[in-house]
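Read the structure below first, then the notes.
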Number of protein chains: 2
Amino acid sequence: MSLTLKDIAKEAGVSYATVSRALSGHPEVNKITRKKIIKIAEKMGYQPNAIAQGLVKNETKTIGLIIPDITNPFFPAIARGVEEAAIEKGYSTFLCNTNWNKNIEKKYLNVLIQKQVDGLILTPSSESTTHLKFIEELSPPKVFINKIINNSDTSIIIDNIKGAYQAVEHLINKGHKKIAYIGGEKYSTANKERLRGYKKAMQQNDLPVNNDYVKMKGFNRDSGYFIMKEMLLGESFEITAVFSANDMLALGVIQAIRESNLKIPEDIAIVGFDDIEFASLPEIQLTTVSQPKYQMGQIAFDVLYEKLKGQKANERRIILEPSLVIRETS
Amino acid sequence: MSLTLKDIAKEAGVSYATVSRALSGHPEVNKITRKKIIKIAEKMGYQPNAIAQGLVKNETKTIGLIIPDITNPFFPAIARGVEEAAIEKGYSTFLCNTNWNKNIEKKYLNVLIQKQVDGLILTPSSESTTHLKFIEELSPPKVFINKIINNSDTSIIIDNIKGAYQAVEHLINKGHKKIAYIGGEKYSTANKERLRGYKKAMQQNDLPVNNDYVKMKGFNRDSGYFIMKEMLLGESFEITAVFSANDMLALGVIQAIRESNLKIPEDIAIVGFDDIEFASLPEIQLTTVSQPKYQMGQIAFDVLYEKLKGQKANERRIILEPSLVIRETS
DNA sequence: TTGAAAGCGCTAACAG
DNA sequence: CTGTTAGCGCTTTCAA
């Protein structure tokens, strides 16, 4: 199958150690020899076997990026951020998608570790990481996104509580009193914190939190649609606004509301979270809490890179600021 | 850093070859020994080093998937298809995003080959693959998506010509005569074929193809917006419908039209291509040519898998059928 | 400046 | 059933 160092050494009439040195740019090689070797290697189309390199150098120049849902544009946006930061430093990133499934998450983690990635960036599906216990000791350096951790790992988080608080407060300022919370994966950090922000805003404005109007399921459009549909059917429906924990959910909520022939925002106002690209479409114009997605990815890689280079452990948490983008659904 | 076979061999008091056998499920190991070994390995949290395994077995149980734009939901949908098919067969997939950049594409290809992936699935940015010449000989088996190739590789394609033809014919049947074509990356197969389908439909209906109304740029929203904006500004604007080569483009086109206070579909009708999730939102309701995205991914992997297993080379091309989904923009 | 040789962690003959 | 050993492709001492 593949061309090895030996092949090109034979062709060049030198030992393969010399070829190795020439190709990896060691200084102690005769310039002429080096040039000759490089030329031959190119002509023959030699590609070093990164596997073997990794085996001896104990580094693979790859990182793993685990995300829960590639079909939610929020995550691809982050992925682009890490990918580009990584490529700049010569790292390849392996993107893995878990569908919010703990088992798949575990499986990928295993694979990635076995593949000896140098580092890991995770946006875990769940706050509990007991299923990830085994990695604690033997895994490579890692950075979490949107997940608070209590050990020595770093995490990049958005101030979810604040974002949610702003969103709900905005609704309250618009005169809404009966505001629903529609959330995603119950135990995810994102969900828990955004719910907290919601409650905080309600309480500080002396508004009651009615549990009939606090519902959660998955972070996707179907869930939003389904939950809203059910609420709308409730006997004494009286909601005038909903804060949904991400934009995909919001899109589902909107759909359900439309089907009831209610008007947005006149009858029901909506605020989302994330500010995915599609939230700004002229037909959608979703009011939402914006996160610096691309930047989060970039920072995540940069922090990871520092760790790999053994630099100071830095801050444990990097907290980014959300910002409310007011459009036409509120 | 890591725990090796030897460590657990020492602990178990056997040779490390035995450990290897026990753990990889060879039959010729004493049941009791095997159980003991497995227990110890688990307790110690042993993870085999896939790098080393790959080195000796010359297979890595990984495949590479290269896509041009992770932020266009079309590709994540395909990605999910391959990922899930892959995981079912015990393969991990490494997703790489090129941003339609040939150099990045080349770079990833290199990395992936160096990492000894067992196979490759590509949705190339460009019809020309001269920049990929070097892989022809030494690369692992590969499958192309949406790209016609003339060598021995397989490719999964949608009948783009037919899809485009249907789309345009639908517009013609609605009475439109002045129909624009707004395309993406000029040299991509998708663009070229969809353009061909457009022309074919026009010609077969005795409608002239006006080059002022055949424009292309990138396969994204901004391009669609920009091109449409320009057309709208043209002195003798007379278009009544546009066929855009993908949905992202269509979204941009819609936005431009909206800003001109024209009505869709009354003043201008629009048909897209792909049927991404967002095309079906109630606010969008984009008429579009639907592709079986998830399925394409699945098939791509399955075909690749057959190749890996050395099974018959099968068909060179697998052509899938598009289907026009008529919604409210036409 | 170069070659010889050890060894990274593992699998797969080959013996026993 | 289990141990010994060669070798996957490469980098890196150590000598020459």
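Chain naming here is simple, since letters A, B, ... match the order of the sequence lines and numbering starts at 1 in each.
Ranked by how close their nearest DNA chain D nucleotide is to the 5' end, B:Thr18 and B:Leu55 are led by B:Thr18. In terms of position on DNA chain C, the residue among B:Ala52 and B:Ala17 whose nearest nucleotide sits closer to the 5' end is B:Ala52. Taking for each of B:Val56 and B:Val14 the nucleotide of DNA chain D with the nearest heavy atom, the 5'-most of the two is the partner of B:Val14.
Here the C1' atom of nucleotide C:dT1 and the NZ atom of A:Lys36 are 13 Å apart, to the nearest Å. A:Gln116 has its CD atom 10 Å from the C1' atom of C:dC8, to the nearest Å. Nucleotide C:dG9 holds its P atom 7 Å from the NZ atom of B:Lys6, rounded to whole Å. Atom CG in B:Asn58 sits roughly 13 Å away from atom C1' in C:dC10 (whole-Å rounding). Atom-to-atom, OH of B:Tyr16 to P of C:dG9 comes out at 11 Å; the value is rounded to the nearest Å. We find that CD1 of A:Ile113 is positioned 16 Å from P of C:dG9, with the value rounded to whole Å.
The residue B:Val29 sits close only to the backbone: its heavy atoms come under 4.0 Å of sugar-phosphate atoms, none of a base.
Here the side chain of A:Ser20 pairs no donor or acceptor atom with the backbone of A:Tyr16 at under 3.5 angstrom. Remark: the backbone N or O of A:Val143 is not paired with any side-chain donor or acceptor of A:Thr154 at under 3.5 angstrom. Under the 3.5 Å distance criterion, the side-chain polar atoms of A:Lys6 are left unmatched by any main-chain donor or acceptor of A:Thr4. Within the 3.5 Å criterion, the main-chain N or O of B:Asn146 finds no donor-acceptor partner in the side chain of B:Thr123.
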For residues 74-88 of chain B, dump all side-chain donor-acceptor pairs below 3.5 Å to protein atoms at least two apart in sequence or in another chain.
{"residue": "B:Arg80", "atom": "NE", "partner": "B:Glu84", "partner atom": "OE2", "Å": "3.3"}
{"residue": "B:Arg80", "atom": "NH2", "partner": "B:Glu84", "partner atom": "OE2", "Å": "2.7"}
{"residue": "B:Glu83", "atom": "OE2", "partner": "A:Asn97", "partner atom": "N", "Å": "3.3"}
{"residue": "B:Glu83", "atom": "OE2", "partner": "A:Tyr108", "partner atom": "OH", "Å": "3.4"}
{"residue": "B:Glu84", "atom": "OE1", "partner": "B:Tyr294", "partner atom": "OH", "Å": "2.5"}
{"residue": "B:Glu84", "atom": "OE2", "partner": "A:Asn99", "partner atom": "ND2", "Å": "2.9"}

Show your working on side-chain contact (heavy atoms from CB on, under 4.5 Å) between B:Phe94 and A:Ser92 and close with a plain yes or no. CA-CA 10 Å; B:Phe94 295 147; A:Ser92 325; over 6 Å; no
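Each end of the helix from C:dT1-D:dA16 to C:dG16-D:dC1 yields a helix axis from five base pairs, and these two axes differ in direction by 40° (to the nearest 10 degrees).
The distance from atom CD1 of B:Ile67 to atom CG of B:Leu65, rounded to the nearest 0.5 Å, is 6.0 Å. Considering CD1 of A:Ile319 and CD1 of A:Ile157, their distance stands at 4.5 Å, rounded to 0.5 Å.
Side-chain N/O atoms of A:Ser15 include none lying less than 4.0 angstrom from OP1 or OP2 on C:dA4. Within the 4.0 Å cut-off from OP1 or OP2 of C:dC10, not a single side-chain nitrogen or oxygen of B:Gln53 is found.
More than 12 heavy atoms of other residues, nucleotides or ligands sit less than 6.0 Å from atom NZ of B:Lys89.
For A:Thr18, the side chain to side chain donor-acceptor pair (under 3.5 Å) partners are A:Ser15, not counting sequence neighbours.
The stretch residues 60-71 of chain B participates, sequence neighbours left out, in these side-chain hydrogen bond (donor to acceptor under 3.5 Å, both in side chains) pairs: B:Thr60-B:Thr62, B:Thr60-B:Asp118, B:Asp69-B:Thr71.
Taking every heavy atom of residues 20-28 of chain A and every atom of DNA chain D, pairs under 4.0 Å involve A:Ser20, A:Arg21, A:His26, by number.
Checking B:Gln47 against A:Asn110 by side-chain atom types alone, a donor-acceptor pair falls below 3.5 Å.
Nucleotides of DNA chain D with any atom under 4.0 Å from a heavy atom of chain A span, from 5' to 3', D:dG9 to D:dT13.
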